[in-house]
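Have a look at the structure below, then the notes.
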Amino acid sequence: MAKLVKYSPARDLMDIRRTFDRLFDEAAELLSRPFFSPMEDWLTFPTRWWSGFAFAGDNLAVDMYETDDDIIVKAALPGVREQDIEVEERDGLLTIRARCEMEEERKQFGWHIQERHYGTWQRTVQLPEPVKGDKAKAELRDGILTVTLPKVEPRKKTVNRIKVSVPKVKLPRLGKKEKKIRVTS
């Protein structure tokens, strides 16, 4: 039997306050980024908040960090098979897509239990530095997807010194009797 809970307008006000706090926290986080994510982040920003994080295009939590040579992105994908994962890097954006379809049926103690789990996840993140997409590696171990993207080696800045020259001007030899000077170049 369900328990009855007394209506409290203060609880509703606190829920609204928490929603606005989350809204302003994400807005501050977006504005603090050096490079903004694709325009779709700005277009779907209100949808994600008011729908309770149910936006299908951005529902995969990822961790991203970098070492001296690589950028490493980790995502938790429990129960997802290797063939149901798609990872692509294009123009500095890394996109991870995953799909999970599980069906379980069992008969136990006179009960027939049938469960179905379906889900899709996707996340696109802006990479902080240029990477070699053709040398990237992805590994799925114990439900954790690890994507390793090697950084592009920075080009060495060379300084070329350019010699400054002054054109030479020929002056005629002056004798003691000549008073006018003619300059030819």
Side-chain angles (χ1 to χ4, degrees), residues 11-106 112-155:
R11 185 182 311 121
D12 290 343
L13 288 175
M14 290 305 292
D15 288 343
I16 291 171
R17 181 178 178 195
R18 272 189 240 112
T19 302
F20 273 101
D21 286 346
R22 287 193 315 253
L23 177 72
F24 287 117
D25 287 344
E26 180 156 328
E29 191 264 328
L30 281 174
L31 293 174
S32 68
R33 292 183 190 170
F35 300 104
F36 294 112
S37 293
M39 189 53 141
E40 62 197 33
D41 276 1
W42 286 101
L43 297 175
T44 61
F45 175 73
T47 308
R48 285 183 288 159
W49 280 99
W50 299 116
S51 64
F53 300 98
F55 178 63
D58 195 19
N59 60 355
L60 175 65
V62 297
D63 294 328
M64 181 168 45
Y65 60 93
E66 62 181 299
T67 62
D68 292 336
D69 302 327
D70 302 322
I71 294 175
I72 299 168
V73 179
K74 291 188 175 190
L77 297 170
V80 179
R81 297 177 303 183
E82 175 182 334
Q83 59 265 27
D84 293 334
I85 299 173
E86 231 180 89
V87 180
E88 80 176 30
E89 184 274 331
R90 182 186 310 163
D91 299 328
L93 294 173
L94 177 71
T95 302
I96 301 172
R97 289 183 197 91
R99 190 181 70 218
C100 180
E101 296 178 5
M102 291 175 28
E103 290 188 24
E104 182 181 348
E105 185 176 342
R106 61 181 183 230
H112 181 93
I113 300 169
Q114 188 172 10
E115 294 184 24
R116 291 183 183 94
H117 302 281
Y118 295 97
T120 58
W121 299 274
Q122 175 177 321
R123 183 72 183 264
T124 300
V125 292
Q126 175 82 40
L127 297 172
E129 292 187 31
V131 296
K132 299 177 189 174
D134 56 339
K135 306 241 175 167
K137 296 176 188 172
E139 179 183 21
L140 182 66
R141 181 183 295 166
D142 297 330
I144 304 292
L145 175 71
T146 304
V147 182
T148 305
L149 302 145
K151 293 180 187 177
V152 173
E153 296 172 6
R155 294 183 179 169

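Position 1 is the first residue of the sequence, and the numbers go up from there.
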Other residues, nucleotides, ligands: >12 heavy atoms within 6.0 Å of Lys137 NZ: no
Nearest non-hydrogen partners of Leu140 and Val80, listed with the distance: CD2-O, 3.5 Å
Stepwise salt bridge (charged side-chain N to carboxylate O under 4.0 Å, His left out) check, Arg99 with Asp84: CA-CA 5 Å; Arg99 190 181 70 218; Asp84 293 334; 3.5 Å; yes
Atom pairs and distances, side-chain donor-acceptor, residues 89-98, under 3.5 Å, sequence neighbours left out:
from, atom 1, to, atom 2, distance (Å)
Glu89, OE2, Gly92, N, 3.2
Arg90, NH2, Glu88, OE2, 3.1
Thr95, OG1, Thr124, OG1, 3.2
Arg97, NH1, Glu86, OE1, 3.1

Residues Asp15, Arg18: salt bridge by 4.0 Å N-O rule: yes
Residue pairs passing the side-chain hydrogen bond (donor to acceptor under 3.5 Å, both in side chains) test where at least one lies in residues 138-154, sequence neighbours excluded: Glu66-Lys151, Glu139-Arg141
Interatomic spacing from NZ in Lys132 to CG in Leu149 - rounded to 0.5 Å: 12.0 Å
Which atom of Ala61 lies closest to which atom of Arg123, heavy atoms considered: CA-NH1, 4.2 Å
Validation row: Glu129, Val131 side chains within 4.5 angstrom (heavy atoms): no
Shortest non-hydrogen contact between Pro150 and Asp70, atoms and distance: CA-OD1, 3.3 Å
Step-by-step side chain to side chain contact (heavy atoms under 4.5 Å, CB included) determination, Glu105 to His112: CA-CA 7 Å; Glu105 185 176 342; His112 181 93; 2.8 Å; yes
Within 6.0 angstrom of Glu115 CD, more than 12 heavy atoms from elsewhere: yes
